[in-house]
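Below is one structure, written out as structure tokens; the observations come after it.
Counting convention: from 1, in listed order, for ligands and their atoms alike.
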Amino acid sequence: MNNDIERVIYNQQQIDQRVEELAEQLNHDYAGKKNLVVVAVLTGAIMFTMDLYKRLDLYAHIDFVDVSSYQGGTSSTGSVKLLHDLKNDIKGKDVIICEDIVDTGRTLKFLIDLLKGRGANSIKICSIFDKPEGRVVDVHADYVGFDVPNEFLVGYGLDYQGLYRNLPYIGVLKPTVYQKKHD
Ligand code: IMP
Ligand code: MG
């Protein structure tokens with residue numbers, strides 16, 4: 001699997017370090033808050049969310065949503081669907097949405113609107129990666145790990161056709177991989 005990577009954008013150590021910094025910032029900003037919910041966006045944000053969540057010195061619940069905007073390809077389709085809803089009511093809660101990457105911004109716009117409509121007290125976005133050049137809707141992440149180039153990336157939760165999420169770093173696939181079929 002590692003042989004399919006053309007170049008590494010951020011390595012494991014850089015990511016670990018940055019997650020630590022983000023956790024410190026959240027620990028500071030949310031100190032004393034009692035109604036916190038960390039919402040992980042499945043599936044890509046799992047890795048980041050767990051790395052971050054275990055470093056939070058805060059009384060925070062965790063919950064999960066699954067949305068889909070990509071259908072297995074390498075570019076956004078435009079429509080966002082809710083595939084799995086939160087288990088708990090978020091009315092009155094301070095919500096931190098954890099994402100793997102903000103690209104067009106459609107996924108987060110959809111989630112922010114949804115959670116606002118349900119009466120969340122506050123909603124902040126914490127994304128390990130951000131592709132500012134990909135933005136189509138006006139959404140910004142409050143906490144960002146790294147800005148990344150406007151290329152299709154894999155690893156640290158990001159997938160290509162369901163694979164490569166388990167790479168501990170983020171990188172660019174060799175073009176030959178896109179021509180090859182995985183079975
Ligand atoms: P957005 O709705 O366009 O902002 O897309 C956000 C979602 O698209 C992310 O949660 C990812 O799952 C996926 N995505 C965006 N860029 C990439 C990429 O470079 N590689 C893999 N998945 C991506
Ligand atoms: Mg995602």
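Atoms of ligand 1 found under 4.0 Å from any heavy atom of Lys131 (numbered from 1 in listed order, with element): 16 (N), 17 (C), 18 (C), 19 (O). For ligand 1, the atoms closer than 4.0 angstrom to any heavy atom of Thr104 are 1 (P), 2 (O), 3 (O), 4 (O). Remark: ligand 1 atoms within the under-4.0 Å shell around heavy atoms of Thr107 are 1 (P), 2 (O), 5 (O), 6 (C). Of all the atoms in ligand 1, the ones that sit under 4.0 Å from a non-hydrogen atom of Arg106 are 2 (O), 4 (O).
Not close to ligand 1: Arg135, with no non-hydrogen atom less than 4.0 angstrom away. At least one heavy atom of Asp100 sits closer than 4.0 Å to an atom of ligand 1. Ligand 1 does not have Lys109 within reach: every non-hydrogen atom of the residue lies 4.0 Å or more from it. Using a 4.0 Å cutoff on heavy atoms, Gly44 does not count as a contact of ligand 1.
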Exercise. For Asp4 and Tyr160, run side chain to side chain donor-acceptor pair (under 3.5 Å): C-alpha distance rounded to whole Å, both residues' side-chain angles, the deciding distance at 0.1 Å, then the answer.
Key: CA-CA 11 Å; Asp4 292 347; Tyr160 173 61; over 6 Å; no
Quiz prompt | Step-by-step side chain to side chain donor-acceptor pair (under 3.5 Å) determination, Asn27 to Asp57 | solution = CA-CA 6 Å; Asn27 284 335; Asp57 184 13; 5.8 Å; no
Practice problem: Report the C-alpha separation of Tyr30 and Asp94 in whole Å, then their side-chain angles, then the decisive distance to 0.1 Å, and conclude whether the side chain to side chain donor-acceptor pair (under 3.5 Å) test is met. | Solution: CA-CA 9 Å; Tyr30 284 88; Asp94 293 308; over 6 Å; no
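For the pair Leu153 and ligand 1, the shortest N or O to N or O distance falls below 3.5 Å. The shortest N or O to N or O distance between Leu108 and ligand 1 is not below 3.5 Å.
In summary, the side chains of Tyr169 and Asn2 do present a donor paired with an acceptor at a separation below 3.5 Å, with no hydrogens or angles considered.
Between Asp66 and Lys81 there is no salt bridge, since no side-chain N of the basic residue sits under 4.0 Å from a carboxylate O of the acidic one.
Contact record, Ala40 with Thr49: CB-OG1, 3.5 Å, taken as the closest heavy-atom pair. The two residues Val65 and Leu111 have their closest heavy-atom pair at CG2-CD2, 3.9 Å.
When heavy-atom distances to ligand 1 are checked against a 4.0 Å cut-off, Glu151 comes that close only through its backbone atoms N, CA, C and O. Counting heavy atoms under 4.0 Å from ligand 1, residue Asp159 touches it through the backbone alone.
Selection from Val172, Leu158, Thr43 by nearest heavy atom to atom 22 (N) of ligand 1 gives Leu158.
In this pair, Phe146 and Phe129 present their aromatic rings parallel. The plane angle is below 30°, not in the 30 to 60° band.
Annotation: Asp138, atom CG; neighbour count of heavy atoms from other residues, nucleotides and ligands within 6.0 Å does not exceed 12.
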